[in-house]
Each structure stands twice: as C-alpha cells, then as structure tokens.
Amino acid sequence: MNTSKLPKMLYGGDYNPEQWDRSVWPEDMRMLRLAGMDIATVNVFSWAMLQPDETTYNFETLDDIMDMLHKNGIFACLATATGAHPAWMARKYPDVLRTDFDGRKRKFGGRHNSCPNSPNYRNYSTLLASKIAERYKDHPALLLWHVSNEYGGDCYCDNCAAAFRVWLRRKYGTLDKLNEQWNTRFWGHTFYDWEEIVPPNALSEQWTGDRTNFQGISLDYARFNSDGMLDCYKLEYEAIKRHTPDIPVTTNLMGTYKTLDYFKWAKHMDIVSWDNYPAADTPVSYTAMTHDLMRALKGGAPFLLMEQTPSQQNWQAYNSLKRPGVMRLWSYQAVAHGADSIMFFQLRRSVGACEKYHGALIEHVGHEHTRVFRECAELGGELQKLGDKLLGSRLPSKVAIMYDWENRWAIEYSSGPSIALKYVDEIHKYYDALYQLGIQVDIVAFDDDLSPYDIVLAPVMYMVKPGMTERIEAFVKKGGTFLTTFFSGIVNENDIVTLGGYPGELRSLLGIWAEEIDALFPGDSNRIVMKDSLGALKGEFKCSLLCDIIHSEGADVIAEYGDDFYAGSPVVTRNRFGAGEAWYVASSPDAEFLQGLLSALCAERGIQLLPGKQPGVEVTCRVKDGRSYLFVMNHNANAVTVTFGEDYGTDLLTDRAVSGDTQVEGRGVMIVEAS
Ligand code: GLA
Ligand code: ZN
C-alpha cells in the first residue's frame with residue numbers, strides 16, 4: 001500500500017458522525033487530534049442516508065464529513081456503505097432479502113442482509129460504489145477504500161439456487177461428471193436434470209450445524225457462497241478502480257471466519273485488513289495465529305488492523321473490560337505479527353441500539369478524562385514517535401503451517417469419525433507449541449510455495465488437492481521436513497475417498513498405511529510411548545480425539561500407542577524420503593509432547609529461537625532494510641526479567657539501550673531495534 005501520504009502507522013477507527021447531531025462534530029475532531037489519530041473509517045452504514053429512495057442520491061452530509069476530516073488533518077478510510085441495504089429497497093425489491101438455512105425468507109432487519117445473487121443488490125451496490133468513487137476520487141482526505149463491511153453468512157433463495165446451477169455447470173460441464181463426483185448413486189440421489197438440484201440447507205441435504213448427507217453438494221455450496229459474495233466485492237472493486245486506479249481497496253475480514261475462503265478473496269484485495277475481537281479468555285497464541293493467518297493471505301505482506309475495541313465488546317456473553325495496558329499490548333501484538341495500522345471500532349460510542357455498550361474512544365460522558373481515552377492517547381503518541389520505522393517490514397520464518405478453508409469445510413461437513421474434530425483447534429495446537437518455544441511461523445495456503453521453509457506442518461490435511469502431493473514430495477526430496485497428522489490424505493477436492501489405503505496419495509511419502517481410525521470419547525485418552533529419546537523428548541504422553549491405527553511401510557517408528565487393543569502399534573513415525581523426512585502423528589497429542597517434538601525438529605534443522613521467550617512472554621521479529629526489530633510482549637500482569645545479549649539494541653518506545661537482564665513490566669511491550 002502506498003503510505004507516502006502518511007509516513008507512519010495509521011491510527012484511528014470507525015466513525016459515524018452521520019448518526020449524531022452536528023453540534024458534537026467539533027468536539028470529535030478535537031478529541032481525535034488529541035488522541036493522535038489520523039484516520040477515520042467513515043460511511044460504513046450510510047446507504048439509507050445517501051440514497052433515501054430509488055432515484056435520489058444525497059451526498060451533502062458525506063461531503064461535509066470528508067471536508068471536516070481533511071480540515072483536521074485526518075484521512076478517510078472511505079466505505080462504500082453497502083454492508084446494510086435500506087428499508088425501501090427491501091420493500092420494493094424483495095430479491096435483496098436472504099432466505100435462511102431453515103428456508104425462511106427474511107424480512108428487513110439485521111445487517112448483512114443482502115442476498116449475494118440478488119440482481120437488484122448487485123446493481124444498486126455497484127452503482128453506489130461507483131457514484132461515491134466518482135464524487136470523492138480527488139478528495140484530499142481519501143486514503144483508502146473500504147468495500148461493504150465484514151462480508152459473511154449465506155443465502156438459500158431461488159436466485160441463489162439458479163446461480164448455483166450455473167456455477168455447477170461451469171465446474172462440471174456435464175451432469176454425469178457431477179453425479180460421479182458427488183457420488184449420487186448413494187441413496188439414489190442421481191440427478192437427471194440440472195433443475196433438480198436445490199441448495200443443501202435444512203430443507204434438503206443438511207442437518208443443523210455442519211452435518212450433511214452429501215459432502216459433495218455442501219462443499220460446492222460453501223465454495224459457491226464464498227464466490228458469490230466475492231463477486232459482489234469484485235463488482236464494487238472494479239467500479240471504484242475505474243475512478244481511482246491508484247487508491248488501495250480493502251474489505252474488513254474476520255480472521256478464521258469459516259464461511260469465506262479468504263485466500264481466494266485476498267487475490268482481489270490491494271491490502272488485507274481484519275477485525276480482531278478476542279474474548280478475555282481467548283488464548284493469546286490464538287490471536288497471534290490469527291494475525292499470522294491474515295498476514296499469510298498476501299504472502300506475508302503487512303496487513304491493516306481495521307477494528308478492535310478500545311475497551312469492551314457488546315456481543316459476547318460477558319463483555320469484560322480490557323484491563324489497563326491490555327489495549328496497548330494487544331495493539332502491539334497485531335503490529336508484532338505484521339499490522340501496519342491500529343484502528344478501533346469505534347471512535348464515538350453510539351447512543352442507542354445494540355452497540356451502545358460497545359467500547360469507544362469517546363465514551364458516553366463525552367470528554368477525554370477517561371481511562372480509555374488516556375490509554376488511547378498515550379498509544380497515539382507512541383505511534384507518532386515510531387514514525388515509518390516498521391512500515392512494510394516483514395517477518396522472516398523457517399517454519400510454515402499449511403491452512404486451507406476448503407479442507408476445513410470438508411473436515412467439518414464429514415459425518416464421522418468424531419464431532420469433536422475441529423480443524424482450527426488442531427492447527428492451533430501445533431501453532432501454540434511453536435509459539436511457546438519462541439519460533440516464528442508463517443501460515444501458508446495449500447498452493448503456496450514451500451521452498452522458503454525448512455519445516456512444513458500440515459495438521460489434518462484431510463483433503464489433498466491436485467498437484468499437492470508432487471509439491472510436498474519435491475519439498476521433502478530436496479531436504480525439507482514435513483509433518484502431517486491423523487485423518488490426512490483421505491479425500492480429493494470433492495470429498496471422494498482416495499482408494500487403496502489411507503493416507504491415500506501421501507502413503508509413499510510417509511511410509512505408512514493407516515488401517516483404521518478410532519474416535520475417542522471426550523475425556524478418554526491413549527498414551528504415546530516413546531521408543532527412544534528424541535532430543536529431550538522421552539517417556540510417555542497423552543493423546544486423544546482420534547487414533548489412526550497404522551503400520552509402518554518403511555517409516556521408523558518413533559513412538560507407539562500405550563493402551564487399548566492397538567497398544568504397541570505406531571503412533572509417531574518418521575520416513576526418510578530423498579534428502580528430507582516426512583513425519584506422521586497418528587493422534588492428537590498433549591501440549592508437552594508437541595513442544596518436545598517440534599523443539600527437536602527445529603533443533604535438528606538449526607532453527608534459532610527468538611531471545612526473550614518465557615511463559616506469558618511473546619516474542620516476534622520484523623525486519624526491514626537489513627534492520628531487525630524484536631517485539632517482546634509481556635502478557636503477564638506482573639513484571640518479568642528478560643535476558644538479552646550484551647549491547648543488544650535500543651528500545652524504540654523508550655529510547656533506552658537494551659543489554660543483558662532487562663525488566664519488562666506487567667503487560668509491557670518492548671520493540672528493540674538490534675544494533
Ligand atoms: C464488527 C463490525 C462493526 C461493529 C463491531 C462491533 O467488527 O464491523 O461494525 O459492529 O463488529 O464489535
Ligand atoms: Zn439468495
């Protein structure tokens with residue numbers, strides 16, 4: 001993104017002055033400046049104001065907002081306002097309303113309430129984006145475009161059904177091919193006419209939640225739904241680009257949100273942005289992982305933190321406050337993982353409706369003498385001091401974790417072997433082990449280049465897409481270390497089982513055959529019994545969830561199951577393949593085992609641990625122009641002592657020289673530029 005207009009980290013957030021009397025606007029501006037803010041995301045929910053009826057457009061208020069921002073030295077992240085359609089549109093053109101999973105036609109209300117395949121929604125949203133782009137293309141406040149808001153959800157209406165059939169024809173060409181790939185001879189579901197195909201919701205193939213009778217159709221519908229919403233985004237994107245080819249366009253994503261395939265989306269975004277709303281009990285390593293996933297979407301390029309709350313949310317069950325220092329700490333956590341902005345929802349707390357108890361820079365009291373404001377203003381001052389130092393810097397990594405949305409859909413649509421199997425949780429277990437060791441990780445897509453890495457982990461790689469096996473084999477042959485787990489290599493991209501024994505195409509790479517898959521009840525476990533020690537890893541550990549019963553076909557057996565009728569059969573194996581090795585972990589191990597295993601693998605490959613790591617302390621490293629910046633974030637409430645090398649560098653936040661033992665206060669942060 002071209003940040004030359006603003007050579008520092010963007011600081012600001014969602015701002016809805018059109019929801020307020022103009023008499024408060026000057027106070028808003030004064031307080032935003034006081035907090036050191038320089039960007040406001042405006043116009044997110046203004047469609048009803050901008051277009052009060054089908055033929056009238058009125059931009060007067062938005063003109064004034066844009067001018068006011070500019071006069072106050074604040075840039076606009078200008079939204080296209082299409083995240084919620086106006087009431088008149090729902091009444092006049094009911095095709096904009098969605099049909100939900102249970103088959104109920106929605107009425108006006110809610111927010112992400114437009115059918116992605118509604119001709120009227122597509123037409124009017126594109127038109128609005130185009131009018132806004134044309135009007136503000138030369139406005140000096142314009143810095144960034146924000147299309148719609150948090151795309152999500154799904155629709156099962158007749159327009160979607162028709163569009164789904166078109167999508168399927170394009171994908172399969174013939175009904176014969178579709179019938180084969182969906183295995184429709186099962187239960188006699190063979191289709192003889194495209195018109196017989198209906199969306200797989202509660203009225204047809206799908207049960208509540210994720211379960212479905214036919215994974216093929218449900219998986220394709222998930223892809224189709226993600227693609228349909230992406231098409232809506234692309235229509236607006238293209239309309240905007242016709243007027244402002246050089247201004248970056250984004251839409252705010254939602255981390256591990258399941259419904260949209262963000263790797264596909266990111267190809268059409270100039271810069272990734274996302275909204276980070278961890279709960280008080282979300283593991284900090286989960287948030288770290290999510291930032292890394294967002295950074296992965298554009299191959300490691302920096303992203304924008306578009307939203308976070310300065311204090312509390314309203315939509316969780318228990319909306320506790322961010323404790324003093326936590327907003328700052330979590331803001332820097334985003335930066336530490338690749339964010340080039342810190343932005344909030346919201347700048348002024350609304351007076352009515354469901355977000356009036358959502359935290360804001362400006363609270364209901366209306367002045368700046370609040371804890372939240374003070375903390376925000378202090379952070380604003382620090383960001384000014386940091387200037388452009390970190391902008392555009394990258395996070396080098398030798399370890400990658402593979403992640404894929406379609407794989408997740410397929411795993412969780414699968415009927416059996418266990419409802420407890422959650423893809424993101426398994427990814428997080430491996431991520432957390434590396435995080436606890438102080439090893440920086442890249443997340444990569446299933447089709448990303450693996451060559452920059454020494455170690456590639458692919459937990460629960462259930463779906464193997466065309467070409468993947470060859471690429472992973474080539475990576476290992478050249479000397480790479482690859483690791484995958486239970487329930488991997490099972491199906492192709494349409495959820496059709498690869499016959500001839502699990503793990504399918506990966507069998508020769510891994511040197512094993514998985515004969516059966518056992519599902520353990522909650523609370524039950526088996527044991528991983530190490531045959532010899534591996535680095536410091538020895539003895540016994542717990543494993544649970546699923547247990548693949550495997551046979552070695554050339555792989556070394558590193559550990560065996562300790563219990564049940566398959567006690568003594570392999571649970572962890574290593575297969576030498578070319579110059580590298582391929583590991584199989586046949587069950588879901590406890591954290592202690594994973595840390596031990598990954599520590600041993602990283603040590604073998606000479607992968608360096610970042611300095612400063614200890615319990616509750618997070619470390620990452622960003623680099624730019626040959627300079628490196630070590631982030632040390634103390635998530636503990638109490639101070640800790642971190643040991644650096646002699647004359648290690650300078651803390652950019654305090655300008656203090658950093659050398660040897662150094663205190664980091666509770667919830668404190670250091671950004672140390674290495675000397
Ligand atoms: C989302 C939305 C915002 C707001 C916040 C509240 O991120 O994009 O408009 O509703 O949630 O947390
Ligand atoms: Zn629809």
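Order of listing sets the numbers, starting from 1, for every ligand and every atom in it. The residues of the chain are indexed from 1 along the displayed sequence.
Looking at atom 4 (C) of ligand 1, its nearest protein heavy atom turns out to be Glu355 OE2, 3.2 Å. The single protein non-hydrogen atom nearest to atom 9 (O) of ligand 1 is Arg111 NH1, 3.4 Å, given as residue, atom name and distance.
Atoms of ligand 1 found under 4.0 Å from any heavy atom of Phe45, numbered from 1 in the order shown, are 9 (O). Atoms of ligand 1 lying under 4.0 Å from any heavy atom of Glu150, numbered from 1 in the order shown and given with element: 1 (C), 2 (C), 7 (O), 8 (O).
Counting heavy atoms under 4.0 Å from ligand 1, residue His358 touches it through the side chain alone. Only the side chain of Asn149 comes within 4.0 Å of ligand 1, judged by heavy-atom distances. At a heavy-atom cutoff of 4.0 Å, ligand 1 is contacted by no atom of Met254, backbone or side chain. Contacts between His146 and ligand 1, counted as non-hydrogen atom pairs separated by less than 4.0 Å, are absent for every part of the residue.
Heavy-atom separations between Glu307 and ligand 1 include at least one value shorter than 4.0 Å.
One finds no salt bridge joining Glu134 and Lys131 here, because no Lys/Arg side-chain nitrogen approaches an Asp/Glu carboxylate oxygen to under 4.0 Å. For Glu412 and Lys258, the salt-bridge test passes: some basic side-chain N is under 4.0 Å from an acidic carboxylate O.
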>> Using the rule given for side chain to side chain donor-acceptor pair (under 3.5 Å), can you reason through Trp167 versus Asp227, listing the C-alpha separation, both sets of side-chain angles and the distance that settles it, and then say yes or no?
In response: CA-CA 9 Å; Trp167 187 96; Asp227 286 359; 3.0 Å; yes
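His428 and Tyr431 have parallel rings, their planes meeting at less than 30° on a 0 to 90° scale where 60° marks the start of perpendicular. Using the six-membered ring where Trp is involved, Trp182 and Phe164 have ring planes that are parallel, under 30° apart on the 30 and 60° scheme.
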Check residues 147-154 and write down every donor-acceptor pair under 3.5 Å in which the side-chain atom is one partner and the other belongs to a residue at least two apart or another chain.
| residue | atom | partner | partner atom | Å |
| --- | --- | --- | --- | --- |
| Asn149 | OD1 | Asn252 | ND2 | 2.7 |
| Asp154 | OD2 | Tyr156 | OH | 3.1 |

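Contacts of Tyr413 classified as ring-ring contact (aromatic ring centres under 6.0 Å, His included), with partners at least two apart in sequence or in another chain: none.
When only modelled atom types and interatomic distance are considered, Glu355 and Gln346 share no side-chain donor-acceptor pair under 3.5 Å.
The side-chain hydrogen bond (donor to acceptor under 3.5 Å, both in side chains) pairs that include a residue from residues 31-44 are Lys8-Asp38, Arg33-Asn72, Asn43-Ser46, where partners are two or more places apart or lie in different chains.
Not less than 6.0 angstrom separates the ring centroid of His268 from the ring centroid of Tyr233.
Around the Zn ion (ligand 2), protein atoms of type N, O or S found under 2.8 Å number 4.
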